[in-house]
Amino acid sequence: MATAATAEGVPVVEERASARVLRWLGKTPVHIVLIVVGLAWLVPTLGLFITSIIGPQYYSEGWWKIFSAPSRATWDNYDKIFTNPDLRGSLITTAIVAVGATVLPIVIAALAGYAFAWLEFPGRDWWFIAVIGLLVVPLQMALIPMFQLYTKLGIFDTRLSLILYHTAFALPFAIFLLRNFFIGIPKDILESARIDGASEVRIFLRLILPLGLPAIASLGIFQFLWTWNDLLVALTFGRNTQPITVFIFSQLRQFGANIELIAPATFISLVIPLAVFFAFQRYFVEGLLAGSVK
């Protein structure tokens, strides 16, 4: 079979190959920049992990020396940390607060978002404007009033107080996000379901939630990360009920040289939210792209 050629007699296949090479070379500076940025983010994480698995006697020499002396690596730091009852309690507290403060606002925001998007009730638009207005209220502004309220209610220094606080400040953004996503669902689908006799509860459970899964998953990832990494609220409302961030902060303040405890605890605190993000990454991307293509 003869090879197709251009007017100058150059084969089309060779021309396409050269065009691909030129395109690749044109993107090389972008690739280099992305590699440099990626390394800038990964090197501190790698350094933290290596620091968490080497003995305390090697800290002053630098974590990178492990590449020339792999025998310095040990899992003794993690053995000590998992036998530490305070750290185990902090991890359990953080998990309970993060999950509770993620599930509760999502459930409330999904119901409210559906109501604001598709249900008619008096003052709907004004109520939604009020919710949007709550977005400008800074979290730090409510610390002292909520501290006094929790003390009077007897729930200060409890996991419930942390969950309720994070839920309250997550709801305005969550309702705003889900309402704007739900209102983009074609109206014909809901009307067809109503004609078939489906109740509002059935429509919400069978139509709205499955179609809104990308937005709900994106919101859940953000809320979980915000709650897991929170220090200010946990430090204000937690004394004996300490999440992992408060535990690390207290160790750093009291035992600044106790790196064999701080490094593995910090790495564990880093790995869990990363695992959650990568586990739901597909839904996160779908949620970001939702509505961009009609």
Side-chain angles (χ1 to χ4, degrees), residues 45 48-49 51-53 75-109 138-171 173-174 216-217 219-256 258-280:
T45 304
L48 177 63
F49 172 69
T51 302
S52 69
I53 62 172
W75 295 104
D76 291 342
N77 294 341
Y78 284 92
D79 290 338
K80 294 177 182 177
I81 206 169
F82 283 115
T83 56
N84 188 315
D86 294 332
L87 177 62
R88 290 202 309 268
S90 297
L91 284 173
I92 294 173
T93 297
T94 307
I96 293 174
V97 171
V99 173
T102 300
V103 173
L104 185 59
I106 286 178
V107 171
I108 299 174
L139 179 145
Q140 298 83 353
M141 190 177 190
L143 288 175
I144 295 178
M146 294 305 294
F147 174 86
Q148 296 172 344
L149 177 62
Y150 286 165
T151 302
K152 292 180 181 178
L153 295 177
I155 60 174
F156 175 73
D157 197 12
T158 62
R159 295 167 179 170
L160 177 62
S161 64
L162 296 175
I163 292 174
L164 292 178
Y165 195 92
H166 286 296
T167 298
F169 277 88
L171 279 176
F173 175 74
I216 293 173
L219 175 62
I221 291 173
F222 277 123
Q223 180 63 15
F224 184 87
L225 295 179
W226 290 333
T227 307
W228 183 278
N229 294 321
D230 168 71
L231 174 62
L232 179 62
V233 177
L235 197 61
T236 304
F237 297 115
R239 293 294 184 268
N240 299 318
T241 306
Q242 292 188 349
I244 185 67
T245 52
V246 178
F247 174 83
I248 295 173
F249 174 77
S250 62
Q251 293 296 319
L252 189 62
R253 182 179 56 185
Q254 297 174 11
F255 310 104
N258 197 14
I259 306 299
E260 66 272 14
L261 182 63
I262 297 173
T266 305
F267 186 76
I268 292 173
S269 177
L270 170 70
V271 165
I272 294 178
L274 281 178
V276 172
F277 175 80
F278 286 118
F280 296 95

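Values below: all heavy atoms of this structure, side chains included; hydrogens, waters and symmetry mates excluded.
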Quiz item: Which heavy-atom pair separates P273 from L225 by the least distance, and what is that distance?
Solution: CB-CD2, 3.2 Å
Self-check item: Separation of M146 CE from T151 OG1 (nearest 0.5 Å)
Solution: 10.5 Å
Self-check item: L162 to A234 - nearest heavy-atom pair and separation
Solution: CD2-CA, 3.9 Å
Exercise. Go through the structure and list residues passing side chain to side chain donor-acceptor pair (under 3.5 Å) with D76, not counting sequence neighbours.
Key: T74
Quiz item: Mind checking whether I268 and I244 have side chains closer than 4.5 Å, heavy atoms only?
Solution: no
Quiz item: Excluding sequence neighbours, so at least two apart, what forms side chain to side chain donor-acceptor pair (under 3.5 Å) with T266?
Solution: none
Exercise. Mind telling me whether F237 and Y165 have parallel, tilted or perpendicular rings, with 30° and 60° as the class edges?
Key: tilted
Quiz item: Does the side chain of D230 reach to within under 4.5 Å of the side chain of T245, using non-hydrogen atoms?
Solution: no
Quiz item: Who pairs with T227 by side chain to side chain contact (heavy atoms under 4.5 Å, CB included), at least two apart in sequence or on another chain?
Solution: V97, A98, A101, H166, Q223
Quiz item: So F222 and W226, would you call those rings parallel, tilted or perpendicular, with 30° and 60° as cut-offs?
Solution: parallel
Quiz item: Do you know the tightest heavy-atom contact between T167 and P105?
Solution: OG1-CD, 3.7 Å
Self-check item: Validation row: S269, W228 side chains within 4.5 angstrom (heavy atoms)
Solution: yes
Self-check item: Residue pair R159 / I92, side-chain heavy-atom distance below 4.5 Å
Solution: yes
Exercise. Just do the side chain to side chain contact (heavy atoms under 4.5 Å, CB included) check on I272 and T94 with the steps written out, would you?
Key: CA-CA 11 Å; I272 294 178; T94 307; over 6 Å; no
Practice problem: Can you measure from CD1 (I155) to OG1 (T241) and round to the nearest 0.5 angstrom? | Solution: 11.5 Å
Self-check item: Min side-chain heavy-atom separation Y150-L164 under 4.5 Å
Solution: yes
Practice problem: Locate the shortest heavy-atom distance separating F247 from S90; write the atom from each residue and the value. | Solution: CB-OG, 3.5 Å
Exercise. Would you check if L219 and T102 make a side-chain contact, meaning some heavy-atom pair closer than 4.5 Å?
Key: no
Quiz item: Can you tell if the side chain of Q242 reaches within under 4.5 Å of the side chain of F249, non-hydrogen atoms only?
Solution: no
Quiz prompt | Over all atoms of both residues, closest heavy-atom pair of A263 and L48 | solution = O-CD1, 3.8 Å
Practice problem: Answer yes or no: is there a side-chain heavy-atom contact under 4.5 Å between I53 and N77? | Solution: no
Practice problem: Could you check whether the rings of F156 and F147 sit parallel, tilted or perpendicular, using 30° and 60° as the cut-offs? | Solution: perpendicular
Quiz prompt | Atom pair CG/CD1 of L160 and I96 - distance to nearest 0.5 Å | solution = 11.5 Å
Exercise. Measure the spacing between CG of L231 and OG1 of T236 and express it to the nearest 0.5 Å.
Key: 8.5 Å
